[in-house]
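The structure appears right after this line, and notes come after that.
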Amino acid sequence: MKLSEMKRVLAAGDIRLTKSLGQNFLHDGNQLRRIVAAAELKGSDRVLEIGPGLGSLTGLLLAEAGEVFAIEKDRRLMEYLEQCFADARNLRLRHDDALELLQHKPHDWSGWKLVANLPYSVASRILVELAQANGCPARMVVTLQREVARRLVAKPGHKSYGALTLLILLRYEPRDWFKIPASCFFPEPDVDSACVTLIRRPEPLLNQAQTKAVTKIVKRAFSQRRKMMFKLLKEDWPEEKLRSAFDALQLSLQARADVLSFEQFVDLTNLLI
Ligand code: SAM
């Protein structure tokens, strides 16, 4: 959908966009096509889209996927989408808060791909919720604030490396990402955006108990980035056990969480539980 058409639709429906719902719509055709290309869709694919907005991405997804399930929180946009896609047999629209739906109605998404330009205020929470679901999507192609994208692909030692990086790494490997300038959206957001592709690992690295423990360790270790991790972890684990785990991994007691690799967090967890 071109920018002029977008403005016309919004004016005709008297729809005023809401910042709190992250309503910055992507109107740049090239960027939309790059997002769809990153999803590598086949005719048999099922796609979950969170926040279809005015349906610019939805239309392209419908042309390439077997089925699209789109969840939109804004009723005014739902009404427009229902009219606009009245003939689309492979689209299911749901008026709901996607984060609440994911949290309260667990579903097996393992046979799905998430392709979405996410509402920025809840983007990280939606990703963590899906990554921690029993059946998490095979691939997630998500557009979000560039800073959040940096956190998803950050390496140890980088200032963006943190709990989000590690909680997603448990189930996914980041593949590519590309920047999307603010000028590609209407209205223009204050920050640049990026589209990141995350591929689900062939097998979960950890079982449920290990996942629960590593999540607790990661959250505690990054709760105060500047503090020594050993001191922070003492809140949850006996000092002696911690000390011998640090020794076994040759970790300095002075180390801060951001220098540990993902593998070191996994090893530490296995020594502590
Ligand atoms: N997909 C469209 C596009 O690319 O132009 C719109 C993306 S816009 C960044 C985010 C969309 O998510 C908006 O349509 C907004 O109304 C919707 N939204 C915001 N919070 C939501 C939530 N919790 N659940 C579902 N949709 C939500």
Side-chain angles (χ1 to χ4, degrees), residues 1-36 38-39 47-63 68-88 91-103 114-130 140-152 164 177-196:
M1 187 186 278
K2 290 208 172 89
L3 177 57
S4 52
E5 171 71 354
M6 205 170 255
K7 287 183 176 168
R8 193 193 60 71
V9 169
L10 293 171
D14 196 20
I15 301 173
R16 276 177 218 151
L17 297 180
T18 315
K19 218 173 175 178
S20 62
L21 287 178
Q23 292 178 331
N24 303 97
F25 297 143
L26 188 52
H27 56 76
D28 184 296
N30 286 333
Q31 302 292 354
L32 285 161
R33 282 187 289 276
R34 282 180 89 184
I35 293 171
V36 177
V47 172
L48 169 65
E49 185 188 7
I50 292 178
L54 291 174
S56 315
L57 183 57
T58 320
L60 298 180
L61 295 172
L62 285 169
V68 177
F69 177 43
I71 309 170
E72 173 56 60
K73 186 171 175 179
D74 188 330
R75 184 178 294 283
R76 303 164 305 168
L77 298 176
M78 275 297 289
E79 283 166 13
Y80 169 77
L81 290 164
E82 276 161 1
Q83 280 176 19
C84 182
F85 292 106
D87 295 331
L91 173 66
R92 205 152 39 103
L93 284 166
R94 183 177 172 119
H95 176 227
D96 218 325
D97 181 314
L99 182 59
E100 281 186 15
L101 188 74
L102 296 174
Q103 284 170 336
L114 171 74
V115 187
N117 175 12
L118 290 172
Y120 291 171
S121 58
V122 285
S124 308
R125 278 188 286 160
I126 284 176
L127 285 180
V128 171
E129 201 61 47
L130 277 170
M140 304 206 278
V141 180
V142 283
T143 301
L144 19 73
Q145 282 154 287
R146 197 161 159 214
E147 181 41 42
V148 180
R150 280 208 189 94
R151 288 161 62 194
L152 291 172
L164 180 65
W177 69 289
F178 57 89
K179 186 181 141 184
I180 306 185
S183 59
C184 296
F185 296 85
F186 177 77
E188 283 191 28
D190 302 332
V191 291
D192 278 332
S193 302
C195 175
V196 185

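- Shown here for Leu17 and Pro187, the closest heavy-atom pair between the two residues is CD1-CD, 3.5 Å.
- Between Pro52 and Ile71, the shortest heavy-atom contact is CD-O, 3.2 Å.
- Note that the CZ atom of Arg150 and the NZ atom of Lys179 stand 9.0 Å from one another [nearest 0.5 Å].
- For the pair Leu152/Leu127, a side-chain contact is recorded, criterion being any heavy-atom separation below 4.5 Å from C-beta on.
- Put simply, CZ on Arg8 and NZ on Lys2 are 12.5 Å apart, with the number rounded to the nearest 0.5 Å.
- Taking each heavy atom of Leu77 and Gln23 in turn, the nearest pair found is CD1-NE2, 3.5 Å.
- Residues Ala182 and Asp192 share a closest heavy-atom pair of N-OD1, 3.1 Å.
- A search for side chain to side chain donor-acceptor pair (under 3.5 Å) contacts involving Asp97 returns Lys73, not counting sequence neighbours.
- Between Arg34 and Asp28, no side-chain nitrogen of the basic residue sits less than 4.0 Å from a carboxylate oxygen of the acidic one, so the salt-bridge criterion is not met.
- Taking the side chain as every heavy atom from C-beta outward, Leu10 and Leu54 approach each other to under 4.5 Å.
- Here the OG atom belonging to Ser124 is positioned 7.5 Å from the CD atom belonging to Gln145, to the nearest 0.5 angstrom.
- Contact of the Phe185 side chain with the Thr143 side chain is registered, since non-hydrogen atoms from C-beta on lie closer than 4.5 Å.
- Nearest approach of Leu60 to Val36, heavy atoms of both residues: CB-CG2, 3.7 Å.
- No side-chain heavy atom of Pro119 sits less than 4.5 Å from a side-chain heavy atom of Leu21.
- In this structure, Glu72 contributes its side chain and Met78 its backbone to no donor-acceptor pair below 3.5 Å.
- Nearest heavy-atom pair across Ala98 and Ile50 is CB-CG2, 3.5 Å.
- With contacts defined as side-chain heavy-atom distances shorter than 4.5 Å, the pair Lys19/Tyr120 does not qualify.
- A donor-acceptor pair under 3.5 Å links the side-chain atoms of Arg76 to the main chain of Arg16, judged by distance alone.
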